[in-house]
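These notes are about the structure you will find just below.
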Amino acid sequence: MDKLLIQGGSPLHGEVSISGAKNAALPILCASLLSAEPLHVTNLPHLNDVSTMLRLIGQMGVEVTMDGSDGLILNSHDLNNPAAPYDMVKTMRASILVLGPLLARCGEAKVSLPGGCAIGARPVDQHIKGLQAMGAEIRVENGYVIAQASRLKGARIVTDMVTVTGTENLMMAAVLAEGETIIENAAREPEVLDLANCLTSMGAHISGAGTDSIKIRGVERLHGASHAVMPDRIETGTYLCAAAATRGAVRLTNTSADYLDSVVQKLREAGCDVLAEPDGIVLKAPQRLKAVNVRTEPYPAFPTDMQAQFMAINCVAEGSAVIRETIFENRFMHAVELIRLGADIKIDANNALVTGVQHLNGATVMATDLRASASLVIAGLVAQGETLIERIYHLDRGYERIEEKLTRLGASVRRVR
Ligand code: EPZ
């Protein structure tokens, strides 16, 4: 299995381009199931999760062709297998996003339950409850969600908690349902809005996307369209944190500060100069960061996907701060690995008290999930000496060409077997 070998101590300097958003690309690829006409998707990131999703919809009958540039043309005219098998779903929970579109387009679906993952149980009860409210008959048998619906009917759905993929699944199901659907307590994440924009370009009638109340008026069918995936705000935030932690100065292009207010605010609180530009964002770090308290909440508050990266920042900042994780029940697994690098972290339930130290020392550490891996990369870039990060397949799920981008910024990092 691949490992990442990092020689720490070099401040990051220079410019790097940000890729398309993984968490927008995945639901948008599923949206191709909703129309018999081709969907052209551009600015797709080259990530393992995107390849997995393409394999998953490919085995359903979606024809995937290159557009000769950086995009793909997805043609689901001959959809013949509305099923998502366990061996594919177990590697990527976001596979559950095919459930709503398959039910809407084919009237049936057999999708493996995703099962838990390292950061939590992550059930999909809200997805199922919402689809049942729209008239789907759903049973869970032998680890599979088996669903039928001659035609889904519009309904008013209030989810028990804010769920990003739950909102996305229900929105995709509703675009072809009979009548009007209202999703209350909807997720406001920018990736939900990007999906809604793609569906609208395909002929869907959606209003309120990006707010906590989304109204969808169902139509008979959708037509083809072309959509560019939005920039990845979490990749953007990750590189901003890496530059901050290493006392560097970077410019990130093909991205925007628009959807990162809470993260930019915390970086400024930590002492960074952050400047939003029309096509990007510039950060200049202080000589020593100040520790900042962080509490994760649904958008537009501080994103849980940036929690691990800020823990790494606080490890080398001046002072102490508390990181509170309110979304997932087990998203502190990077803490014990950071402690191996010399960090001072005390965990109490979903609170982590981090006290900054003068420096971290390189060691061998193990990645446990996608954003935990990013946290270890940031810590390795700062630590004195060599850090070897094992199981970096987690990293490859969500960060395109990370060692190439970091090398461009002056880091000493290479992939080793
Ligand atoms: C999405 O996951 C993202 N993944 C996650 O990013 C992100 O961390 C998460 O939203 C929160 O922002 C994609 O978009 C592909 P949720 P999702 O449903 O939709 C509970 C990354 O690093 N819940 O918003 O699975 C759930 O257990 C990944 O890129 C239920 O109980 O998250 C969690 O505690 C990690 N029942 C909370 O709600 C349900 O039916 C929020 O989960 C659904 C969710």
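Side chains are part of it too, since the values below use all heavy atoms of this structure and drop only hydrogens, waters and symmetry mates. Predicted, not measured: the structure shown is a model, and the values here were computed from it. Start at 1 and go down the list; that is how both ligands and their atoms are numbered.
Atoms of ligand 1 found under 4.0 Å from any heavy atom of Met161 (numbered from 1 in listed order, with element): 23 (N), 30 (C), 31 (O), 36 (N), 38 (O). Near Leu370, with a cut-off below 4.0 Å to any heavy atom, the atoms of ligand 1 are 22 (O), 29 (O). Per-residue contacts place Arg371 under 4.0 angstrom from the following atoms of ligand 1 (heavy atoms of the residue considered): 21 (C), 22 (O), 29 (O). Near Gln126, meaning under 4.0 Å from any of its heavy atoms, are these atoms of ligand 1: 36 (N), 39 (C), 40 (O). Close approach of ligand 1 to His127 is summarised as follows: ligand atoms under 4.0 Å from at least one heavy atom of the residue are 40 (O). Using a 4.0 Å cut-off to heavy atoms of Lys22, the atoms of ligand 1 that qualify are 21 (C), 29 (O). Heavy-atom contacts of Pro123 reach the following atoms of ligand 1: 27 (O), 30 (C), 31 (O), 36 (N), 39 (C), 40 (O), 43 (C), 44 (C) (cutoff under 4.0 Å). Taking every non-hydrogen atom of Thr304 and a distance limit under 4.0 Å, the qualifying atoms of ligand 1 come out as 8 (O), 11 (C), 12 (O).
Looking at Glu329 next to ligand 1, no N or O pair under 3.5 Å apart turns up.
Shortest contact from atom 1 (C) of ligand 1 to any protein heavy atom: Val164 CB, 3.9 Å. Annotation: atom 36 (N) of ligand 1 to nearest protein heavy atom, Asp125 OD1, 2.8 Å. For atom 32 (O) of ligand 1, the nearest non-hydrogen atom of the protein is Phe328 CZ, 4.0 Å. Of the protein's non-hydrogen atoms, the one nearest atom 18 (O) of ligand 1 is Thr163 OG1, 2.7 Å. Here the heavy atom of the protein found nearest to atom 2 (O) of ligand 1 is Arg122 NH2, 3.3 Å. Nearest protein heavy-atom neighbour of atom 15 (C) of ligand 1: Asn23 OD1, 3.4 Å. Ranking protein heavy atoms by distance to atom 34 (O) of ligand 1, first place goes to Ile327 O, 2.6 Å. Among protein heavy atoms, the minimum distance from atom 21 (C) of ligand 1 is reached at Asp305 OD2, 3.5 Å.
Between Ile216 atom CD1 and His205 atom NE2 the span is 12.5 Å, to the nearest 0.5 Å.
For Val162, the heavy-atom gap to ligand 1 drops under 4.0 angstrom.
Heavy atoms of Arg331 found under 4.0 angstrom from ligand 1 belong exclusively to the side chain.
For the side chain to side chain contact (heavy atoms under 4.5 Å, CB included) test with Ile206, the passing option among Leu193, Leu195, Asn197, Leu199 is Leu199; the others fail.
Of the candidates Thr296, Thr167, Thr165, the one placing a heavy atom closest to atom 17 (P) of ligand 1 is Thr165.
With salt bridges taken as basic N to acidic carboxylate O contacts below 4.0 Å, none links Arg331 and Glu325. In this structure, Arg415 pairs ionically with Asp396, as a charged nitrogen and a carboxylate oxygen lie closer than 4.0 Å. For the pair Arg233 and Glu191, the salt-bridge criterion is met [side-chain N within less than 4.0 Å of a carboxylate O]. Salt bridge Asp212/Arg188: absent, no basic N to carboxylate O contact under 4.0 Å. Between Arg156 and Glu184, at least one side-chain N (NZ, or NE/NH1/NH2) sits under 4.0 Å from a carboxylate O, which counts as a salt bridge.
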Step-by-step side-chain hydrogen bond (donor to acceptor under 3.5 Å, both in side chains) determination, Tyr144 to Arg139: CA-CA 8 Å; Tyr144 278 82; Arg139 63 183 196 280; over 6 Å; no
Run the numbers on Met92 and Leu26 for side chain to side chain contact (heavy atoms under 4.5 Å, CB included), then give the verdict. CA-CA 10 Å; Met92 186 185 62; Leu26 296 176; 4.2 Å; yes
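For the pair Asp348 (side chain) and Asn351 (backbone), a donor-acceptor distance under 3.5 Å is absent. Counting only distance, with no hydrogens or angles, the side chain of Asp67 and the backbone of Ile73 share no donor-acceptor pair below 3.5 Å.
A side-chain donor from one of Thr255 and Thr236 sits under 3.5 Å from a side-chain acceptor of the other.
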